[in-house]
Amino acid sequence: MSIIPFNKPTFLGPEASYIQDAIQSSHISGNGPYTKKCHDFFRSYFKIEHCLLTPSGTAALEMCALLADIQFNDEVILPSFTFSSTANAFVLRGARLRFVDSRADHPNMDCSLIEELITEKTKAICAVHYGGTPCDLETLSQICEKYKLCLIEDAAHAINSTFIKKQLGTFGALGAFSFHETKNITCGEGGLLLVNDHKLAGRAEILWEKGTNRTRFNRGEIDKYQWVDFGGSYTLSDLNAAYLWGQLENIETIQRKRNEIWQKYYDGLHELCRRVEVGIPPHRHSCEMASAHLFYLIVGSEEERNLLIAELLKQNIHAVFHYQALHASPYYINKHDGRDLPNAMKFSTRLLRLPLFNSLTGSEVDKIVEIVSRVLMQVHI
Ligand SMILES: *Cc1c(COP(=O)(O)O)cnc(C)c1O
């Protein structure tokens with residue numbers, strides 16, 4: 001019986017010939033010809049001026065923490081229900097984390113709970129657009145303006161998602177994307193930093209190139225490059241950028257396919273799920289684009305989730321759950337301020353992700369829908 005894995009990294013074909021080409025061009029380190037192609041693409045795709053490829057989404061978030069000038073004991077507000085990378089970026093700077101609970105109806109953070117967490121130490125808010133569904137960006141922007149906070153968007157799930165027809169990742173001062181093999185667009189490991197606040201652009205470039213002004217030197221603006229600030233090795237190898245380019249050229253095809261699969265899950269499950277009160281992701285607003293990054297169920301209990309995982313596994317289908325609520329993680333539980341975050345715990349114990357990747361076939365989706373429906377009817381009806 002064939003296995004349906006949870007994920008298969010997208011590979012279309014041209015990626016391999018671009019890597020071959022990069023090898024032949026003798027520029028395989030960072031900031032090479034393929035990085036430039038990708039940067040040009042993103043500039044027009046996001047309609048922004050400053051973007052930088054990074055070795056991972058994690059690295060892009062670390063750059064955000066540096067550019068937001070997070071210092072020891074500063075406070076950063078972020079959701080508890082997210083990947084550890086969102087939090088690590090700030091913890092590495094010595095920040096205290098103030099975790100926000102999820103909404104009752106969605107894993108995104110409940111932005112109505114943010115204002116009461118703000119103190120004079122608060123420096124930044126990092127929002128995660130879970131599954132590419134926008135957080136309440138109006139409230140977030142208002143709060144950040146009122147308290148002079150840096151808004152950072154962890155848009156790792158959110159490529160090709162819009163709010164009021166504007167791409168997610170372009171609302172905050174900084175936006176971070178991931179091209180990890182589990183994400184919509186991939187190059188194995190990779191990421192992207194959008195620098196939407198022009199004031200941060202010069203420093204971002206320096207930070208990116210190990211604290212030197214080499215990027216300006218490459219543009220012919222200065223006659224030698226020097227160490228001018230702190231920095232890191234935050235460029236992406238051009239071998240990875242070459243793979244990425246093969247995907248960016250086909251981003252519309254990739255997204256069309258993902259949206260088709262997502263829609264098939266939605267059509268197959270939404271009636272039943274509504275009847276038995278199992279949660280599924282919200283449908284995008286008709287005028288907006290959606291990343292269709294993931295399709296999930298929010299079932300009644302952890303036992304029900306275990307049963308679903310087991311029943312799917314019997315048919316060689318791998319469904320997974322994710323995000324241990326970070327406030328209750330082994331690393332942070334004793335550092336957390338003690339507030340209960342019941343919705344984050346709910347999603348942590350009851351959310352199940354179904355396979356969703358580019359080469360998943362329609363009949364495979366049918367099979368998954370059939371098994372999920374059978375188990376949900378057994379449990380609930
Ligand atoms: C994938 C992911 C990251 C990290 O991206 P990497 O490229 O794997 O470092 C950060 N935040 C969220 C929400 C993610 O899903």
Side-chain angles (χ1 to χ4, degrees), residues 3-7 78-87 97 99-110 113 128-133 135 154 156-157 182 262 265-266 268-282 293-357 360 365 367-381:
I3 291 172
I4 305 178
F6 171 67
N7 180 61
L78 74 168
S80 172
F81 190 75
T82 183
F83 190 50
S84 59
S85 293
T86 321
L97 306 178
F99 288 112
V100 184
D101 203 6
S102 295
R103 298 161 54 107
D105 62 347
H106 192 274
N108 274 350
M109 68 179 166
D110 181 345
L113 301 172
V128 180
H129 304 297
Y130 184 80
T133 298
C135 291
D154 178 342
H157 297 184
T182 52
W262 194 100
Y265 273 129
Y266 189 88
L269 290 168
H270 87 276
E271 259 313 308
L272 173 66
C273 286
R274 195 179 47 77
R275 251 194 308 142
V276 301
E277 292 182 13
V278 162
I280 57 169
H293 175 57
L294 42 81
F295 199 94
Y296 59 79
L297 305 169
I298 298 150
V299 296
S301 65
E302 196 166 5
E303 295 71 48
E304 190 178 333
R305 182 169 78 179
N306 289 341
L307 177 68
L308 263 166
I309 294 172
E311 289 297 315
L312 287 162
L313 211 50
K314 275 188 201 157
Q315 308 291 324
N316 272 321
I317 298 162
H318 294 237
V320 303
F321 55 83
H322 71 169
Y323 299 155
Q324 176 180 38
L326 295 181
H327 75 284
S329 63
Y331 181 61
Y332 220 81
I333 191 160
N334 294 322
K335 302 180 183 72
H336 175 61
D337 56 34
R339 282 167 305 121
D340 280 335
L341 306 177
N343 293 328
M345 294 307 283
K346 175 179 81 176
F347 294 119
S348 188
T349 48
R350 287 162 46 185
L351 185 144
L352 183 66
R353 300 172 65 186
L354 301 177
L356 206 177
F357 51 88
L360 189 67
V365 176
K367 184 171 166 190
I368 297 166
V369 165
E370 192 191 301
I371 297 165
V372 167
S373 303
R374 175 169 56 74
V375 175
L376 290 182
M377 300 236 269
Q378 233 169 36
V379 175
H380 291 271
I381 296 172

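The structure presented is a predicted model; accordingly, all values stated were derived computationally and were not measured.
Looking at heavy atoms from C-beta onward, I381 lies in side-chain contact with V276 at the 4.5 angstrom threshold. Here the side chains of H380 and E277 are not in contact, with every heavy-atom distance at 4.5 Å or above. Side-chain contact between L376 and C273: present, with at least one pair of heavy atoms (C-beta onward) separated by less than 4.5 Å. For the pair V100/L78, no side-chain contact is recorded, criterion being any heavy-atom separation below 4.5 Å from C-beta on. In this structure, the side chains of V278 and L272 stay at 4.5 Å or more apart for every pair of heavy atoms. Counting heavy atoms from C-beta outward, D101 and P342 have side chains that approach closer than 4.5 Å.
Dense packing is recorded around CD of Q378, with more than 12 heavy atoms of other residues, nucleotides or ligands lying under 6.0 Å away. Crowding of R305 atom CZ: a count of heavy atoms from other residues, nucleotides or ligands under 6.0 Å exceeding 12.
We find the NE2-CG distance between H106 and N343 to be 12.5 Å, quoted to the nearest 0.5 Å. From E302, atom CD reaches atom CZ of R350 across 10.5 Å, with rounding to the nearest 0.5 Å. To the nearest 0.5 Å, atoms CZ (F6) and CD1 (I317) are separated by 13.5 Å. Atom CG of D105 sits about 8.5 Å away from atom CD1 of I298, to the nearest 0.5 Å. One distance of note links CG of L351 with CG of L297; it measures 8.0 Å at 0.5 Å rounding. The CD1 atom of I371 sits 7.5 Å away from atom CD1 of I4, with the distance rounded to the nearest 0.5 Å.
The two residues P5 and F357 come nearest to each other via the heavy atoms O-CE2, 3.2 Å. Contact record, P282 with T133: CG-OG1, 4.0 Å, taken as the closest heavy-atom pair. In terms of heavy-atom proximity, A104 sits nearest to F347 at O-CZ, 3.7 Å. In plain terms, the two heavy atoms of L356 and N7 that are nearest each other are O-OD1, 4.2 Å. Heavy atoms only, all atoms of each residue included: G268 and V369 are closest at O-CG1, 3.7 Å. Of all non-hydrogen atoms in A344 and F81, the two that sit nearest each other are O-CD1, 3.8 Å.
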One pair to check against side chain to side chain contact (heavy atoms under 4.5 Å, CB included): L269 and L354. What are the steps and the verdict? CA-CA 12 Å; L269 290 168; L354 301 177; 4.0 Å; yes
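Looking at residues two or more places apart in sequence or on another chain, you find a ring-ring contact (aromatic ring centres under 6.0 Å, His included) between F295 and W262, Y265. Among residues two or more places apart in sequence or in another chain, the side chain to side chain donor-acceptor pair (under 3.5 Å) test is passed with N306 by none.
Between F99 and Y332, the ring center distance clears the sub-6.0 Å criterion.
Contact check on K314 versus E311 returns a salt bridge, with a Lys/Arg side-chain nitrogen under 4.0 Å from an Asp/Glu carboxylate oxygen.
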Using distance only, find each side-chain donor-acceptor pair of residues 318-328 under 3.5 Å and give its atom names and separation, not counting sequence neighbours.
| unit_1 | atom_1 | unit_2 | atom_2 | d |
| --- | --- | --- | --- | --- |
| H322 | ND1 | R353 | NH1 | 3.1 |
| H322 | NE2 | Y130 | OH | 2.7 |
| Y323 | OH | H157 | NE2 | 3.1 |
| H327 | ND1 | S80 | OG | 2.7 |

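Within the 3.5 Å criterion, the main-chain N or O of R339 finds a donor-acceptor partner in the side chain of D337.
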